[in-house]
Structures are given as C-alpha cells and as structure tokens.
There are 2 protein chains.
Amino acid sequence: MPDPMYRSIADDLRDKIESGELGRGTQLPTELELRDQYNASRNTIRDAVKLLITRGLVETRPGQGTFVVGKLDPYITILDLDTGFGEGGLVYAPDRPTEPTTPRVSDPRIEIHQAAGTLADELQLEDGAAVISRHQQRFIGDAPWSLQTTWYPMHFVDEGAVSLIKAKDMPQGVVRYLGEALGIKQARWRDQISVRAPDPIEARFFGLPDDGHVRVFEIRRIAFQDSGAPLRLTVTTYPADRNEFVMNVGDVPDTGAHPPGSGQPAPDGPGATAADQG
Amino acid sequence: MPDPMYRSIADDLRDKIESGELGRGTQLPTELELRDQYNASRNTIRDAVKLLITRGLVETRPGQGTFVVGKLDPYITILDLDTGFGEGGLVYAPDRPTEPTTPRVSDPRIEIHQAAGTLADELQLEDGAAVISRHQQRFIGDAPWSLQTTWYPMHFVDEGAVSLIKAKDMPQGVVRYLGEALGIKQARWRDQISVRAPDPIEARFFGLPDDGHVRVFEIRRIAFQDSGAPLRLTVTTYPADRNEFVMNVGDVPDTGAHPPGSGQPAPDGPGATAADQG
DNA sequence: AACGATTTGTTCGTATGTATC
DNA sequence: TGATACATACGAACAAATCGT
C-alpha cells in the first residue's frame with residue numbers, strides 16, 4: 001500500500017536536496033550511514049540512490065561518496081541567425097554570458113554515400129544518388145560541445161565545388177564557399193528539435209555517465225536555395241544537460257543575450273503549485 | 001578489465017534491438033530465461049534490463065514481461081507562428097501528419113503572487129510587484145500534451161483587463177483580448193528551449209514512468225509589447241519522448257508540415273560511423 | 001469467482017572487486 | 001599500506017500483477 005521503501009528514501013532525500021538542506025556539491029551520508037539512518041539494508045539504499053541518479057539529482061564517485069549535482073550553467077545557442085548554427089557562430093558560454101564565443105571546430109571527416117530513405121527524401125534526391133557528408137567535432141575551449149554532420153548532394157562537387165570533398169575546415173563557412181563557387185545562396189531553412197538517448201560514440205565524446213540517463217538534443221536543419229531546391233541537411237547533437245537554445249522573433253529588446261532566468265527556475269513552474277491530478 | 005557482466009548483457013540486447021532482431025513491441029525472454037542464456041544470476045539480468053530502461057529501449061510490465069519500446073510518433077509544434085504556441089495553435093498530431101490539430105485546453109487556474117527573483121527580472125517589475133498567473137492543462141484528444149503557466153503584470157488588470165483574473169479559457173486568445181481591452185500588441189518574443197527531469201506533478205499528469213528517465217521540454221516565452229515593455233512570460237512543458245519542435249526561417253518550400261524524417265533517424269548520424277575517440 | 005502458474009517488483013544477506021585518500 | 005566508499009555479483013524469500021483455467 002505505501003510506497004516501497006527505496007522510493008520513500010529517495011523522495012525524502014530529494015526533498016532535502018530541493019529544500020536546500022543539501023546544497024549542490026554537498027556530499028550525502030555514505031551508504032552505510034544511510035543504511036543506519038533509514039534502518040534499511042545497503043542494497044535498498046543503493047536502489048534509492050540509483051533513482052536519484054536517474055533523475056539527475058546526485059552522482060556517485062567510487063572511493064569518494066555520493067554528491068548533489070548542481071544544474072550546469074548552459075551553453076546558449078541562438079537559432080534565428082544563420083551564423084548562429086551550422087558554421088559555428090552565435091554561442092554564449094557560461095563564463096561569457098553577454099558576449100558570443102567562437103567554438104573550435106575539428107577538420108571534417110569526409111565520407112561519400114548513396115542517399116537512401118530519409119536522407120534521400122529530405123534532400124529530394126533519387127534513391128541511390130551520391131551524397132557527401134562532412135562530420136565535425138566542435139569544442140568550446142577544451143570542452144566537447146557538439147557533433148555535427150552535414151550532407152550535400154554530390155552534384156555540387158561535379159559542378160565545381162571541389163573543396164567540399166577536402167578534409168579541411170572552412171572557417172569562412174561552407175555556405176559562403178558555395179556562393180562564391182557556384183552562386184548558390186542559402187535562403188531559408190527548417191530546424192527540427194528533438195531529444196533522444198545518446199549513441200555510444202556521442203556518450204564517449206561528451207563524457208556522459210554510462211548509465212545513459214543524460215539525453216542529447218538533436219537538431220536537424222534542412223536548408224534550401226533560392227530556387228527552393230534543398231541545399232543541405234545538417235544534424236547536430238548536444239548534451240541536453242548543459243545546452244539551451246534561444247530563438248528570437250521580431251526585434252527583441254535587449255535584456256542581455258543571456259536569458260536572465262537561465263540557471264534558476266521561475267519561482268512557480270507549470271506544475272509547481274498543486275492540482276493537476278484530474 | 002572487460003566490461004562488467006550486466007553491461008555486456010545490456011549491450012548484447014541493445015544490439016539485437018537496434019539490428020531489428022528484436023522489433024518494437026517484441027517481448028524479450030523472461031528474466032529466468034535470460035539468466036540461463038547468459039549464465040548469470042537473476043539480479044544481474046535485472047541490472048542489465050534497468051540499463052536498457054534508462055536508455056529508453058525497453059519497458060517492463062509486471063506480470064507480463066519485458067518489451068521493446070518503439071519510438072513514439074511525435075507531436076510536432078511549430079514555433080515560428082504566434083498561434084503555434086501560447087494560445088494552442090499550430091500542432092501536428094501523429095494521426096494527422098499534414099493537417100494541424102487543435103488542442104483542448106482546460107479552464108485556467110488563476111493565482112496571484114508577488115513577483116520575485118527571476119520572474120520579476122524577466123517581466124522587468126519591482127521585486128514584490130503583483131503578478132497574475134494562469135495555469136492550464138492542454139490535451140490532444142484525450143491524451144495529456146502539455147502544461148502551461150503564463151504570468152502577467154497585475155497592472156493590466158488595474159487598467160481594465162479584468163477578464164485576466166477569470167478562471168475561464170479564452171478560446172480566441174489572451175493576446176487578442178489584451179489588444180481589444182487595452183490596445184496592447186504582442187510584437188516580438190524570445191523562446192528559450194531546455195530539457196530537465198519532470199517534477200512529480202508533471203510526471204503524474206503526463207503518466208511518465210516513475211523511475212524518472214523521461215525528460216520534459218521546458219519552453220519559456222518572454223513576449224514584449226510594441227513599446228518594448230514585457231507583456232508576459234509563458235512556461236510550457238512537454239514530455240520529451242513524444243514531442244518535437246520545428247522552426248521555419250524564411251519561406252520554406254512545402255515538403256509537408258510533417259518533417260519527412262520524423263520517426264526515422266537518418267541512415268547516418270553525427271556519431272554513427274566511427275572515430276571520434278580522439 | 002477462485003485458483004494456480006508465470007512474471008516482474010522489493011528486500012534482505014553476503015562476498016569480493018576497484019577507486020580514492 | 002590500510003581504511004573507506006562505491007561497484008559488481010550471487011543467492012534467497014516473499015509480494016504483487018497478470019493471465020488462463
């Protein structure tokens with residue numbers, strides 16, 4: 001009838017964390033101490049702690065203890081400017097809340113594939129048409145920040161944009177290069193934002209805990225030329241526990257590029273008060 | 001030195017799921033069968049399954065078994081039109097991929113607070129100034145879809161917009177009402193997208209599994225009047241396992257409002273091929 | 001409606017390994 | 001090196017949910 005013991009213990013600890021009794025960075029009592037405090041077995045205590053880990057509230061460090069994790073100060077990416085995404089542009093780092101940072105970008109890994117299924121659909125190519133992909137790691141300072149892959153129709157290369165297949169970053173941007181080489185302009189695009197579990201490569205690159213509770217944002221940008229023909233598909237992933245995205249519509253007054261509220265939830269959230277049980 | 005047993009088992013099962021050998025909805029072998037197959041104890045099998053649950057790959061049903069979960073067909077919300085968000089407008093449901101659906105909205109729960117901290121900052125009010133909050137549950141069909149709270153400066157009510165404090169939904173939209181009552185226009189806004197663990201009320205409303213591995217999107221919209229003064233702050237949360245957001249920049253060609261790729265990842269993802277271990 | 005079989009959920013005990021200080 | 005703390009693995013017993021008879 002009542003909650004199982006490990007859940008009650010987890011809820012009790014969660015209350016202590018959210019009330020501030022256990023501040024961020026604080027070490028929890030050890031498993032053996034908690035076992036005595038709650039009069040449970042060590043395994044039951046461990047079940048409770050696992051629940052708090054999955055909820056993102058605590059982390060364990062072998063040989064040290066269990067600690068309250070604070071919300072990470074997020075990287076903030078502006079989505080409404082072309083330069084803010086895709087070529088590595090408008091990003092705000094925690095240490096520079098009001099001034100954009102420039103990410104460091106690895107040289108791309110180039111691959112050539114035959115488009116199939118979704119990829120062919122999105123680029124509006126025949127099934128089996130050749131595409132070129134450019135895959136890059138992106139860092140802010142020394143910290144891994146995002147993984148990005150962009151696919152282009154191969155016919156751009158045939159038409160003269162041969163640098164597309166060179167494994168060298170283009171600091172000025174691929175879009176500008178395509179404009180100069182072929183007169184192609186990226187006029188409009190669609191961004192699609194979703195969240196999913198990381199694959200093993202993403203988990204390793206971002207250094208995510210291997211229990212898999214941290215999710216990644218996946219942002220797909222399909223960009224089109226003036227003519228309406230698809231130009232490229234860009235898929236970028238970011239760890240969801242330290243990234244946020246901002247989109248401005250219209251000329252938004254200057255309250256600082258860094259949203260004032262980031263890092264601190266509103267005093268009252270969508271579900272913070274009561275009710276909602278109906 | 002090698003991976004622990006429960007992790008190897010989990011990885012083996014994950015491979016079978018992602019290769020399609022175990023399709024969505026398929027029942028896995030029972031814990032006792034897996035115990036014999038992998039020559040492990042039942043508890044070790046259960047540890048492996050817990051990992052797959054946290055990764056969102058399987059779910060367990062007491063008395064029945066363990067099953068592969070398919071990716072849910074997402075609700076798709078368009079963020080670039082005002083009607084698409086805030087008043088309940090442009091949303092595409094899985095059963096209607098090309099035609100917008102109209103969400104059903106509960107009557108609001110009205111509360112009056114004193115703005116403090118973040119809320120006062122974002123609405124640019126004095127600390128302690130009165131604000132009114134309108135909290136609503138939003139459904140698509142019978143399914144819970146999102147929770148939304150909007151805060152307005154109380155002076156709008158003093159100036160004549162008395163319907164703001166009536167616990168009645170405004171199907172035509174609060175923005176239009178404020179325009180008619182006070183001549184106020186919502187001209188521009190900023191959306192901020194983040195992901196976090198659900199609070200208990202959200203978990204219950206959305207029916208999320210109580211182990212807490214499903215995250216919620218939190219979208220904060222700060223809207224401004226023509227004058228540049230803040231109009232309102234809206235915070236909306238959506239379960240992240242069945243919602244996606246789309247933003248169009250420029251006049252995007254018609255490839256269907258439902259992005260062709262949703263539900264199916266690209267054949268090649270940002271981390272799908274190799275390398276990235278550097 | 002009742003019962004038994006099956007399957008996952010909870011809780012305990014115990015032993016040993018590994019990381020950190 | 002020893003002590004401490006978390007990680008892995010096994011065994012066991014009972015509870016609770018589901019399903020078919």
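Both backbone and side-chain heavy atoms feed into the values below; hydrogens, waters and symmetry mates do not. Letters go in sequence order (proteins before strands), and every chain restarts at 1.
- The side chain of B:Gln64 contributes no N or O atom lying less than 4.0 Å from OP1 or OP2 of D:dA17.
- C:dT10 atom P lies 16 Å from atom CZ of A:Arg46, rounded to whole Å.
- Here the P atom of nucleotide C:dT7 and the CD atom of B:Glu33 are 6 Å apart, to the nearest Å.
- Comparing C:dT20, D:dG11, C:dG13 against the side chain of A:Ser41 picks out C:dG13 as the nearest.
- Here the C1' atom of nucleotide D:dA12 and the CG atom of B:Asn43 are 9 Å apart, to the nearest Å.
- Between the CZ atom of A:Arg61 and the P atom of D:dA5 there is a distance of 15 Å, given to the nearest Å.
- A cation-pi arrangement is present between B:Arg61 and B:Phe67, with the terminal nitrogen or guanidinium carbon under 6.0 Å from the aromatic centre and inside a 45° cone about the axis.
- Distance CD1 (A:Ile45) to P (C:dC12): 9 Å, rounded to an integer number of Å.
- Each of B:Trp145, B:Tyr238, B:Phe139 was checked for a ring-ring contact (aromatic ring centres under 6.0 Å, His included) with B:Phe205, and the lone residue meeting it is B:Phe139.
- Atom CG of A:Asp47 and atom C1' of D:dC6 are 14 Å apart (whole Å).
- Backbone-only contact: B:Arg7 has heavy atoms under 4.0 Å from sugar-phosphate atoms and none from a base.
- Minimum atom distance to the side chain of A:Thr66 is reached by D:dC6, of the listed D:dC6, C:dT11, D:dC10.
- In this structure, B:Met5 atom CE and C:dT16 atom P are separated by 16 Å, rounded to whole Å.
- When each of D:dA9, C:dT8, D:dT18 is scored by its nearest atom to the side-chain atoms of B:Thr44, the top-ranked nucleotide is D:dA9.
- Side chain to side chain, B:Arg138 and B:Ser146 meet the donor-acceptor criterion of an N or O pair below 3.5 Å.
- Of the two residues contacting DNA chain C, namely B:Pro29 and A:Gly63, the nearest-nucleotide position lying further toward the 5' end is that of B:Pro29.
- Minimum atom distance to the side chain of B:Thr30 is reached by C:dT7, of the listed C:dT7, D:dT8, D:dC10.
- Rounded to a whole Å, the CD atom of B:Glu31 is 16 Å from the C1' atom of D:dA9.
- At a threshold of 4.5 Å between non-hydrogen side-chain atoms, the residues A:Pro29 and A:Gln37 count as touching.
- Residue B:Arg42 is classed as a base contact, given a heavy-atom separation below 4.0 Å to a base.
- Closest to the side chain of A:Pro62, from the set C:dA19, C:dT8, D:dT8, is C:dA19.
- A salt bridge does not link B:Arg7 with B:Asp12: every distance from a Lys NZ or Arg NE/NH1/NH2 to an Asp or Glu carboxylate oxygen is 4.0 Å or more.
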